[in-house]
There are 2 protein chains.
Amino acid sequence: MADTVTKDRKTQITEAAQNMFREKGYSATSMRDLAARIGIEPASLYSHIRSKEEILHTICFRIAEEFFKSIKDVTTSTESADIKLEKAIVSHVEVIKNNADAFAVFYNDWRHLSEPVLSEFISARREYENIFRGIIQEGLEDGIFKPMDVKFTVLTLFSSLNWLYHWFKPSGKMNPKEIGGNLSNMILYGMMNK
Amino acid sequence: MADTVTKDRKTQITEAAQNMFREKGYSATSMRDLAARIGIEPASLYSHIRSKEEILHTICFRIAEEFFKSIKDVTTSTESADIKLEKAIVSHVEVIKNNADAFAVFYNDWRHLSEPVLSEFISARREYENIFRGIIQEGLEDGIFKPMDVKFTVLTLFSSLNWLYHWFKPSGKMNPKEIGGNLSNMILYGMMNK
DNA sequence: CCTACCGATCGGTAGG
DNA sequence: CCTACCGATCGGTAGG
């Protein structure tokens with residue numbers, strides 16, 4: 001019981017931070033706010049974390065990792081590009097759904113990371129985007145997709161996926177498979193040759 | 001010459017703020033940073049503005065106004081829903097293109113507005129979104145668009161429009177009509193019946 | 001538009 | 001995990 005019910009302090013700090021950063025933004029959330037939410041003194045936070053930015057770092061890179069993990073099956077698959085793309089979209093939506101608060105922080109506050117971590121973050125994100133670029137490129141070469149600008153399309157695709165965190169409430173029972181399916185349908189229809 | 005070359009201080013402050021808020025976010029930009037950029041003492045800012053939030057207020061509501069102005073022709077038009085939607089999209093993209101910095105602030109930092117202005121902002125935004133909802137609803141009833149969830153579709157639509165500010169550089173000569181056309185093509189193709 | 005300055009709050013440390 | 005506290009910085013005002 002202890003293990004599942006009593007979260008360790010560090011987890012507790014991170015989860016409270018995810019929620020507060022999402023609500024007010026990283027810069028506008030103070031360590032005092034955060035400590036108060038947890039019910040300890042501000043200075044006590046530093047027994048568990050090194051700095052405010054470390055929390056942001058933890059959140060951003062954990063989500064990045066989730067994205068890579070979730071898309072792994074797709075990258076090794078040999079299916080056609082449209083099927084792969086749909087699967088990649090559903091995976092992406094699933095990560096957002098399962099980490100709505102953390103994703104919001106990842107999405108909105110990553111720029112408050114400082115170097116060298118910032119560059120690391122940016123290149124991880126680019127790497128992830130490249131997986132999608134690759135799928136689209138492949139579909140283009142196979143003639144499955146109409147001619148289009150890949151970079152532009154990928155960014156449009158992500159932008160229509162990434163707002164979804166507004167939609168998912170922790171209590172919500174919306175189905176990522178359904179939403180991802182609808183979304184990729186809406187997108188693929190405009191992208192499929194015929 | 002004086003009128004066009006020498007901007008009054010208030011304009012200068014607002015423009016510098018748009019750029020800095022966009023770059024670092026509203027909360028992370030200090031009035032001292034802002035004053036330094038302009039080359040005056042921090043206290044001197046207050047001869048021209050009442051508060052930091054007033055600047056944010058000015059930016060956000062000016063952009064809101066631009067959006068309403070730009071879509072006016074569309075709302076009074078009697079064309080079919082798909083044509084109206086495309087025009088609305090192009091107008092929207094045009095506003096973003098002509099106000100990239102200010103739009104970024106409008107889009108990312110509106111939540112730092114405080115009441116009662118915050119509620120006013122939210123309802124203005126809803127009103128604008130309702131114009132798009134209306135067009136889609138109409139196209140739905142006319143059978144031009146496939147059956148779909150209007151609210152979901154409008155949000156997806158906006159999300160794929162609103163990331164465009166990352167794209168537009170002040171020096172850039174990208175054509176909003178082209179981009180808006182492409183985008184609405186990509187979207188409409190998935191939305192048109194057949 | 002400046003000098004001088006306010007009280008509040010910031011992230012964080014020392015030392016226990 | 002707390003008390004006590006640091007220097008830095010915040011938005012903003014008084015008064016000229």
Side-chain angles (χ1 to χ4, degrees), chain A residues 2 5-61 105 108-118, chain B residues 2 5-61 105 108-118:
Chain A
V5 174
T6 311
K7 286 169 189 154
D8 69 15
R9 265 281 132 93
K10 194 163 181 176
T11 310
Q12 215 181 118
I13 291 170
T14 308
E15 288 181 359
Q18 282 168 7
N19 191 255
M20 299 180 81
F21 291 170
R22 175 190 184 160
E23 229 56 65
K24 308 183 53 175
Y26 175 74
S27 296
T29 304
S30 73
M31 297 305 271
R32 282 158 179 82
D33 293 340
L34 179 55
R37 164 80 78 98
I38 296 175
I40 61 178
E41 293 301 314
S44 303
L45 290 169
Y46 294 89
S47 306
H48 303 98
I49 54 142
R50 263 186 286 267
S51 67
K52 187 185 182 186
E53 193 178 325
E54 192 198 58
I55 304 176
L56 182 61
H57 179 277
T58 302
I59 296 170
C60 290
F61 281 79
V105 176
N108 292 310
D109 283 323
W110 61 270
R111 61 182 167 159
H112 294 111
L113 256 14
S114 55
E115 296 293 1
V117 156
L118 178 60
Chain B
V5 175
T6 312
K7 284 168 188 153
D8 68 17
R9 264 281 132 91
K10 193 163 181 176
T11 310
Q12 214 180 120
I13 291 170
T14 309
E15 288 180 359
Q18 281 167 8
N19 191 255
M20 299 180 81
F21 291 170
R22 176 190 183 160
E23 230 57 63
K24 309 183 48 174
Y26 174 75
S27 296
T29 304
S30 73
M31 297 305 272
R32 281 160 180 82
D33 293 341
L34 180 54
R37 163 80 79 99
I38 296 176
I40 62 177
E41 293 302 313
S44 304
L45 290 169
Y46 295 89
S47 305
H48 304 98
I49 53 141
R50 264 186 286 267
S51 67
K52 187 185 183 187
E53 193 178 326
E54 191 199 58
I55 304 177
L56 181 62
H57 179 277
T58 302
I59 296 170
C60 290
F61 281 79
V105 177
N108 293 310
D109 284 322
W110 62 269
R111 61 184 167 157
H112 294 111
L113 258 12
S114 55
E115 297 291 2
V117 155
L118 178 61

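Everything quoted here is computed from the prediction, not taken from an experiment. FYI, side chains are in, hydrogens and waters are out, and symmetry mates aren't considered; it's all heavy atoms of this structure. We name chains A, B, ... by the order of the sequence lines, and we start the count at 1 in each one.
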Closer than 3.5 angstrom, by distance alone: can the side chain of B:Tyr26 be matched with the main-chain N or O of B:Glu53 as a donor-acceptor pair?
yes
Just how far is it from atom CZ of A:Arg111 to atom OG of A:Ser27, taken to the nearest 0.5 Å?
8.0 Å
Does the pair B:Met31 and B:Ile49 meet the rule for a side chain to side chain contact (heavy atoms under 4.5 Å, CB included), with working shown?
CA-CA 11 Å; B:Met31 297 305 272; B:Ile49 53 141; 3.5 Å; yes
D:dC1 base / A:Ser47 side chain donor-acceptor hit below 3.5 Å:
yes
Distance col, row B:His112:NE2 vs B:Lys52:NZ, nearest 0.5 angstrom, shows 8.5 Å
Nearest-Å distance for atom pair CE/P, residues A:Met20 and C:dG11:
11 Å
B:Met31 CE to C:dT9 P: how many Å, rounded?
18 Å
Answer whether the closest heavy-atom distance between the side chains of B:Leu34 and B:Ile55 falls below 4.5 Å.
yes
Just call it for B:Arg9: base, sugar-phosphate, or nothing, with non-hydrogen atoms closer than 4.0 Å on any strand.
sugar-phosphate
Which part of the nucleic acid, if any, lies within contact of A:Ser30, taking any heavy atom under 4.0 Å across all strands shown: a base, the sugar-phosphate backbone alone, or nothing?
sugar-phosphate
Could you give the CG-to-P distance, from B:Leu34 to D:dT9, as a whole number of Å?
17 Å
B:Asp33 CG to D:dC10 P, straight-line distance once rounded to whole Å
6 Å
What is the distance, rounded to the nearest whole Å, between atom CZ of B:Phe21 and atom P of D:dG11?
9 Å
Considering Watson-Crick and G-U wobble pairs with both distances under 3.5 Å, what does C:dA8 pair with?
D:dT9
Pairwise 5' ranking along DNA chain C for B:Glu41 and A:Ala28, keeping only the more 5' one
B:Glu41
Quick one: A:Ile40 CD1 to C:dG12 P, roughly how many Å, whole number?
14 Å
For A:Thr29, report the nucleic acid contact type (base, sugar-phosphate, nothing); a contact means any heavy atom under 4.0 Å.
sugar-phosphate
Selected nucleotide, minimal atom distance to A:Ala43 side chain, candidates C:dG12, D:dT3, D:dA14:
D:dT3
Is D:dG16 paired to anything, Watson-Crick or G-U wobble with both distances less than 3.5 Å, and if yes, which nucleotide?
C:dC1
Rounded to the nearest Å, what distance is computed from the OH atom of residue A:Tyr46 to the C1' atom of nucleotide C:dG15?
17 Å
Which of D:dA14, C:dT13, D:dC1 is nearest the side chain of A:Ser44? It is D:dC1
B:Arg50 CZ to D:dG11 P: how many Å, rounded?
18 Å
Can you figure out which of D:dC2, C:dG11, C:dA4 approaches the side chain of A:Arg32 most closely?
C:dG11
